[in-house]
Amino acid sequence: MPSLLAPLVPAILRHLRAYAEVAGADARDAATVVARRLFVLLLAAAGALVALLMFCAWLLALTWDGPWRAWTAAGLALAFAAGSAALAIPMLRRRSSQGTTLFPRVRHEWNQDRDLIERALNGGDHAPH
């Protein structure tokens, strides 16, 4: 049995190295996409935060000397809580954006290898049923 497996070891190692290269390429692509989206998201969030703080300061300045001062602060707190929940709940429920998956090339190669192994184990070159 070892004499049958010995010639396969270099091929298996080359195959594993190829998997590592494909996984590395997928990881670099994913990191680039994630970094770009995160940077834009952070810029947008910073701008929105400044605008929101300025709006809140304006509302509080308008109502500071009036009887609605406490209600304005409570309303702003409630609006922040509702807005946070409205943003967080869909993000927590979302599984995959536009059907994209991480490491698509690795998944493709793995599926091809699995199909080849199934065909080999079924005793021929015909597709499995």
Side-chain angles (χ1 to χ4, degrees):
M1 183 71 150
S3 63
L4 294 173
L5 293 178
L8 294 177
V9 171
I12 291 171
L13 291 176
R14 282 193 305 272
H15 201 69
L16 291 174
R17 186 176 62 204
Y19 265 130
E21 289 173 6
V22 170
D26 276 349
R28 283 188 298 277
D29 292 347
T32 301
V33 168
V34 168
R36 191 176 299 139
R37 287 182 181 177
L38 183 61
F39 179 70
V40 170
L41 181 64
L42 287 175
L43 284 178
L49 180 64
V50 169
L52 189 61
L53 289 174
M54 293 300 291
F55 179 73
C56 290
W58 177 74
L59 281 177
L60 289 173
L62 283 178
T63 60
W64 188 254
D65 288 333
W68 296 99
R69 172 176 48 197
W71 288 106
T72 302
L76 288 172
L78 184 62
F80 279 118
S84 296
L87 290 173
I89 291 171
M91 290 297 283
L92 294 173
R93 291 187 179 178
R94 186 182 315 171
R95 293 216 172 125
S96 177
S97 171
Q98 301 170 357
T100 58
T101 59
L102 293 177
F103 300 103
R105 291 181 289 243
V106 171
R107 185 179 311 270
H108 175 72
E109 293 294 329
W110 199 323
N111 288 335
Q112 280 184 337
D113 287 348
R114 191 183 66 222
D115 290 342
L116 287 172
I117 290 170
E118 284 178 9
R119 277 189 262 151
L121 292 177
N122 287 336
D125 287 343
H126 57 347
H129 300 288

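Model, not experiment: these values are computed from the prediction.
Leu76 and Trp58 fall within a single hydrophobic cluster, where Ile, Leu, Val, Met, Phe, Trp and Tyr side chains are chained together by heavy-atom contacts under 4.5 Å. Residues Leu60 and Trp71 are members of separate hydrophobic clusters, defined by side-chain heavy-atom contacts under 4.5 angstrom among Ile, Leu, Val, Met, Phe, Trp and Tyr.
Closest approach of Pro90 and Ala85 over heavy atoms only: CD-O, 4.2 Å.
For residues 6-37, the ring-ring contact (aromatic ring centres under 6.0 Å, His included) pairs, not counting sequence neighbours, are His15-Tyr19.
Distance check, rounded to the nearest 0.5 Å: CZ of Phe80 to CG of Leu52 gives 3.5 Å. Residue Asp115 holds its CG atom at 8.0 Å from CD of Gln112, rounded to the nearest 0.5 Å.
Judged as a side-chain contact (heavy atoms from CB on, under 4.5 Å), and not counting sequence neighbours, the contacts of Arg105 are Val22, Ala25, Asp26, Asp29.
Under 3.5 Å, the side chains of Asn111 and Arg114 contain a donor-acceptor pair of N or O atoms.
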